[in-house]
Structures are given as C-alpha cells and as structure tokens.
Amino acid sequence: SGVRSFEAVEPHERYTDGSKWRFLEHKGPVMAAPYEPLPSNVRFSYDGKSMKLSLGAEEVATFFAKMLDHEYTTKEIFQKNFFNDWRKEMTSEERAKITDLKKCNFNEMAEYFKAQSEARKAMTKEDKLKIKAENERLLQEYGFCIMDNHKERIANFRIEPPGLFRGRGDHPKMGMLKRRIRPEDIIINCSKDSKHPKPPPGTKWKEVRHDNKVTWLVSWTENIQGSIKYIMLNPSSRIKGEKDWQKYETARNLKKCVERLRHQYREDWKSKEMKIRQRAVALYFIDKLALRAGNEKEEGESADTVGCCSLRVEHINLHAEKDGQEFVVEFDFLGKDSIRYYNKVPVEKRVFKNLQLFMENKQPEDDLFDRLNTSILNKHLQELMDGLTAKVFRTYNASITLQQQLKELTNPDENLPAKILSYNRANRAVAILCNHQRAAPKTFEKSMQNLQAKIDAKKDQLAEAKRDLKGAKADLKVRRDEKSKKALESKKKAVERVEEQLMKLEVQATDREENKQIALGTSKLNYLDPRISVAWCKKWGIPIEKIYNKTQREKFAWAIDMADEDFEF
DNA sequence: CTAGAGACTTAGCACAACTCGT
DNA sequence: ACGAGTTGTGCTAAGTCTCTAG
C-alpha cells in the first residue's frame, strides 16, 4: 500500500465527475469510554453536607472537578455556563437543592482524580505495556480504512469524549457541557459494496450513507456551536496528499502572475469607487502582511477575533510619522485562536490616505472596510486567476520567503549544524510573517540555564585542550621524536573536536533563544511547499530526517519522491 | 446579496513518549 | 536504570471557502 504514483507535472482530479473515491470501507469510530461511577467513598458535598448525586449529574460534576486547578474555572462565564448546563443534567430533586455553585464542594473528587493520575504514572512496566498493546490493537482495528485500492491511515478515529467546552481566548461559551455522542448521533459514510461498520450492540447509527463526493468516513453534530465534526484520513493518505500538492501548485501559479496583480491593486487604490479602493487596500495587506481573509462571525457565538476583511477602526492606528518613518500603520488585534497581531508597518502614502478616508466619521467599533467582505474579495480574485482565493497569498508568501531566505542564509562552507540553524532561521522568518506564536515553554528559563552551563563547561574543556596542545608543541620542540609528533597530532584533533562541540552548543542556544515565542510547526506543516525543503536538503547533502520527523516525512512523501535539487517554487 | 449548512484546512496546547546524561 | 528535559502526537477548536435557497 505504500507505493503511490503521482503525475510529475500537474496534480489532477482523479475522477472527472467530482467524486473522491469509488470504494470506501472502514470499521466506524471508536466510541468514548462509558462513564465510570465514582467509588462510594468519594463524596460530593453541598452546603457542608455530603450528598449522593445521580449518575448523570455526577458525571458532569467530575468534569468540573478535573479542571479545578485551571485558572479558567474561576471565570464567571465559565462557572455560569457550567452551572447552567449541569443543572439540566440533574434530577428535579437535585435541581431543587443545588442552586448555588459556591456551596458545591468538589474537593474529594479532585483529590481522587489526582490520586488516579499518580497511580497511572506509578504503574508497573507490564501494566503500561498492556495498555500500549491495547491501544495498538485499537489502532490496527479502527485506525485504517480502504479507499479505492489503498489501505489508508485514519486521522481521528475516536469520537470526542464528553466534557466541558473550553474555547480559546475570551469565549462566551466556555464551561458549557459538550455532550456525549451516541451511535444514534453518528452518520457513517462508506461505499455500498463495502462491509458496513456495525454499531455497538443494541444501538443504531443515525444514518449510513454512500456519498463519494466527500472524503469523510464519519460525522456528527456537536452541541456547542451546532457544527459538524468529521472523521477523515491522515495527512499521509493519497486524498490529502494530492490536495496538498494542488494547494502548492495554485500558489506557484500565483507566483507567475503576482506582479500583474500587484500592479492592478496599486492602480485600484486610485479608483473612484470606494468599494474597489477598499478591496485594493485589503488585498495589499493580505499580500504584504500575510493576513487571513477575515470572514464575518456571528457576534456572541465565539471569541471576538478578526482577519483582514473584518478589521475594525479600533484595530489600527495611523501615524503620519513614527520612529523616523513616514505613513506608519500600527495594527493591534486578536486573530485566529485569539493570538494577538501587533505590527507597525510603513505603507505607501496612497494606502495611508485611503485608510484615513475609510476611517472618516466612523466609530472605533465600525468596520474599517465597510464595503468589503471575503466573498466580494474572493470573487474578484477568482477573476484574476483560476483557483485564487485570499489564503493562497499566505501560502505563496510563506513558501517564497522560505526559498529566498534559504538562498540568502545558507553558507556552503558551514558545517551541518550551522546549515540547520540557517534552515530554522529561514523557517522562523516565515513563522514571524504568518504570526505563528506560542506561549514560551514553561521550562524555557531553566533549559536555557542548563544549556549555558553546558557551554561554560565546554569552554573550560576547550581551554584545557588548548593548554595540552601547547604542552605537546613544547615537548616536540625539545624531543623531536616520532612519539611526540603523534601526541601533538592527537592534541590538535582533540582541540578541533571540542571546538566543534562548543560551536554546536552555541548554535543550539542561539536557535532556542530566537525560537522562544515562535512556533515553527504550523508553517512547516501547512504553508511551506515541502519540495523547497527537499531540494535544499539534496543540494547541501542534508539528511531529510534533520528537517522532517517521521510523521512529516509520511505527510510529505509525495514531495520527497518528486523533488530534485533544482526544484524551484 | 444574505444566511446558513457543509466540508475541509489550519492552529496551539497538553501530555505521552522518547532521549540523554548521570 | 533512572529522572529531567525535549520532542512528537493527539486532540479538537477555529478558521477558510463553496454551495444552496430565498
């Protein structure tokens, strides 16, 4: 099943009728483990008196108890949403009695779960092995499907277990109960002529359908936002790989016409139509700053975040002059996942003047681009180039930046670790462009200190090695024999070795420091044409394992097969 | 054009698994 | 062999974009 062939030049739709497969067979999802009631000695108490909860109410209470040491359980919205949903699961007697969250004591439950997790850590090796074996069995049975002629890995074959919803950022629905998914909620998708997955004994699927226009195997509707969740294939699968390839080919098509498009939107800055000016300025931001498109969101349904088209007046500040630069736009807004975007960018005068115009007579909470949305923008883009949408600019600019940076930063004379540092720096330039941030690792300070200690130790070692070398030189001068000559050689070698080790550590420290709050993974996985990296590795004799781990090599198998050292994005 | 459903990609984080020095 | 620190993986939320109906 590992052998795949791709057309060498252009990715194509496998079928011309829009269907995604002919044959699809799988075992269905793994359901969430059923609720295990608490032992009777673990009690919940209300208003100082212990009280036995009904099974349903107890389960939801344990969700809260498990989260007690997270800061967000102290938030008012979280508590309100939780309590509201919890009460719905109570019996009418419980509901009558439990009316104030502050009077609830979950401590025994919390202690119990802490003890459980300790016990799990302290399990014997055999028991851990047993669990591992069971997981492996589950993976083998449910983790694969047959699509057309290939056995393919499934990405997420487990149904999401129930729990309390925790959105990102300031989410109005945090703390709500994410309910348990039953077989009756689940839609199965497979081919008619396949062996259909069986629902658990005594249950039924909501539906079994045979829709080969879609790629998912299982779906259900989630109760927090009412959106549909899917079980789909792993990125290593044919269907995902071809799609990925296609994405990068579209971005390469953009490369061919991007100068034309840039010229066009610069012209449009002068248009007499407000709508066209807004479109042109937004597109400039998307191109220059790799902003996301910015669809409209329903207010109050999720955290207040924006992208380009949904920017509001309050998200930018205009400075005719700032820090010695003219026409500076200061961006400050929350983007996807409530990650802050903060940037001060000098722009062309004409853009600046347009922004002033767009902001005239508006309140801070008004839309900056009031005549624009993603649908208008994408319709325009579609006319400029086949398959062009706003997000293609992100892919294009990310990939072209990597290629440029690699060209600029790679020094042919440097050794392997130095070259890899260059790669990471090129990758980092992209991550910064795309604003891929992470919380600094909790162990960051300590880990830097450790590394510094290692470096210091290595420096001492080097000084010592150099002293030895000097001694050997002096020896040779005096003795002039073969033995001293050999000794000198070996001391020289030793110095070189330690020098190299020291450099490696210093490179590592630099890399880590620069990476403190930057996440490289997202761009590597989603924005960088893997053929650029494969070509770079081949050109400089870098083993691909230094750049891509096993999972990544599987995902990018198509590119590793395809690209040679002169691949140009 | 608007709203909503649906399908699919992109995202950061928690924790499990592994690695390396002692 | 062990534990601390690092890396990899699973999870699932949060985006983008298309399509359809009114």
Side-chain angles (χ1 to χ4, degrees), chain A residues 18 20 70 117 120-121 125 128 131-132 135 139 143 154-161 163 165-169 171 173-174 178 187 189 211 213-216 219 221-222 224-235 239-240 243-244 246-247 286 292-298 301-303 305-310 334-339 373-379 381-382 387-395 398 431 434-439 441-444 446-451 454 457 508 512 517-527 548-552 554-555:
Chain A
K20 307 287 171 66
H70 283 281
S117 106
R120 219 169 312 126
K121 273 182 214 149
K125 209 175 258 173
K128 282 185 184 166
I131 290 175
K132 206 175 167 183
N135 279 335
L139 171 66
I154 298 168
N156 54 324
F157 55 88
R158 288 168 200 275
I159 294 288
E160 295 171 18
F165 176 80
R166 172 57 176 128
R168 316 259 166 87
H171 198 118
K173 298 192 172 183
M174 63 169 82
K178 192 167 109 164
I187 302 174
N189 193 32
D211 181 358
K213 299 280 197 290
V214 298
T215 67
W216 55 266
S219 76
T221 302
E222 152 272 346
I224 304 286
Q225 326 270 357
S227 65
I228 308 171
K229 299 267 190 164
Y230 303 94
I231 291 182
M232 291 187 190
L233 297 192
N234 196 73
I239 203 147
K240 296 288 186 191
K243 198 77 190 298
D244 209 32
Q246 207 173 70
K247 173 181 80 184
I286 285 172
R292 295 188 184 83
N295 284 307
E296 294 112 300
K297 301 171 70 178
E298 221 177 319
E301 291 296 297
S302 62
T305 63
V306 296
C308 186
C309 294
S310 51
L334 297 182
K336 181 175 180 181
D337 293 321
S338 294
I339 297 290
N373 60 37
T374 54
S375 156
I376 295 170
L377 179 63
N378 281 334
K379 225 164 259 151
L381 293 175
Q382 190 56 243
L388 188 61
T389 61
K391 89 197 225 340
V392 178
F393 280 88
R394 249 167 103 79
T395 312
C434 295
N435 201 40
H436 291 141
Q437 299 187 27
R438 61 165 184 180
K442 287 186 188 78
T443 56
F444 186 83
K446 196 155 95 199
S447 118
M448 276 323 272
Q449 278 170 16
N450 289 347
L451 198 52
K454 270 192 196 172
Q508 207 184 343
R512 195 176 299 178
Q517 295 188 72
I518 315 270
L520 299 187
T522 304
S523 52
K524 204 178 203 179
L525 237 44
N526 300 301
Y527 289 104
Y548 291 139
N549 67 29
K550 185 161 148 285
T551 319
Q552 293 165 340
E554 281 166 11
K555 166 164 177 167

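Only a predicted model underlies this, so the values are computations on that prediction, with no experimental measurement involved. Order of the sequence lines sets the chain letters (A, B, ...), proteins ahead of strands, with each chain counted from 1.
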Figure out the NZ/C1' separation between A/K555 and C/dG10, and round it to whole Å.
15 Å
Would you kindly give the CZ-to-P distance between A/R292 and C/dC17, to the nearest whole Å?
11 Å
Rounded to whole Å, please give me the gap between CG in A/N135 and C1' in C/dT9.
13 Å
Can you work out whether A/A303 or A/Q552 has the more 5'-proximal nearest nucleotide on DNA chain C?
A/Q552
With sequence neighbours excluded, tell me which residues meet ring pair (Phe, Tyr, Trp, His ring centres under 6.0 Å) with A/Y527.
A/H436
For the pair made of CZ in A/F393 and C1' in C/dG15, what is the distance, rounded to whole Å?
19 Å
Verdict with reasoning, A/L377 to A/C309, per side-chain contact (heavy atoms from CB on, under 4.5 Å):
CA-CA 9 Å; A/L377 179 63; A/C309 294; 3.9 Å; yes
Flag, side chain of A/K240 to backbone of A/M232, donor-acceptor distance under 3.5 Å:
no
Compare every heavy atom of A/A390 with every heavy atom of A/I286, then report the nearest pair and how far apart it is.
CG2-O, 3.8 Å
Taking atom NZ of A/K213 as the centre, report whether more than 12 heavy atoms of other residues, nucleotides or ligands fall under 6.0 Å from it.
yes
Distance-only side-chain donor-acceptor flag, A/T305 / A/K297, under 3.5 Å
yes
Nearest-Å distance, NZ (A/K229) to P (C/dA14)?
9 Å
Round to a whole Å and report the spacing from CG of A/L525 to C1' of C/dG8.
11 Å
Mind checking which nucleotides bracket the chain A contacts on DNA chain B, 5' to 3', with an atom under 4.0 Å from a heavy atom?
B/dG6 to B/dC18
Taking only side-chain nitrogens and oxygens of A/K391, does any of them come within less than 4.0 Å of OP1 or OP2 of C/dG15?
no
When you match A/R438 and A/R120 each to their closest nucleotide on DNA chain B, which lands nearer the 5' end?
A/R438
Could you check which of C/dG15, C/dT12, C/dT9 has an atom nearest any side-chain atom of A/N549?
C/dT9
Provide, to the nearest angstrom, the distance between the CD atom belonging to A/E554 and the C1' atom belonging to C/dG8.
12 Å
Among C/dC11, C/dA14, C/dT16, the one nearest A/K336 by side-chain distance
C/dA14
Separation of atom CG in A/N234 from atom P in C/dG10, rounded to whole Å:
8 Å
For a quick test of reading the model: is some side-chain N or O of A/T551 closer than 4.0 Å to OP1 or OP2 of C/dT9?
yes
Which is more 5' along DNA chain B, the nucleotide nearest A/S219 or the one nearest A/C434? Just name the residue.
A/S219
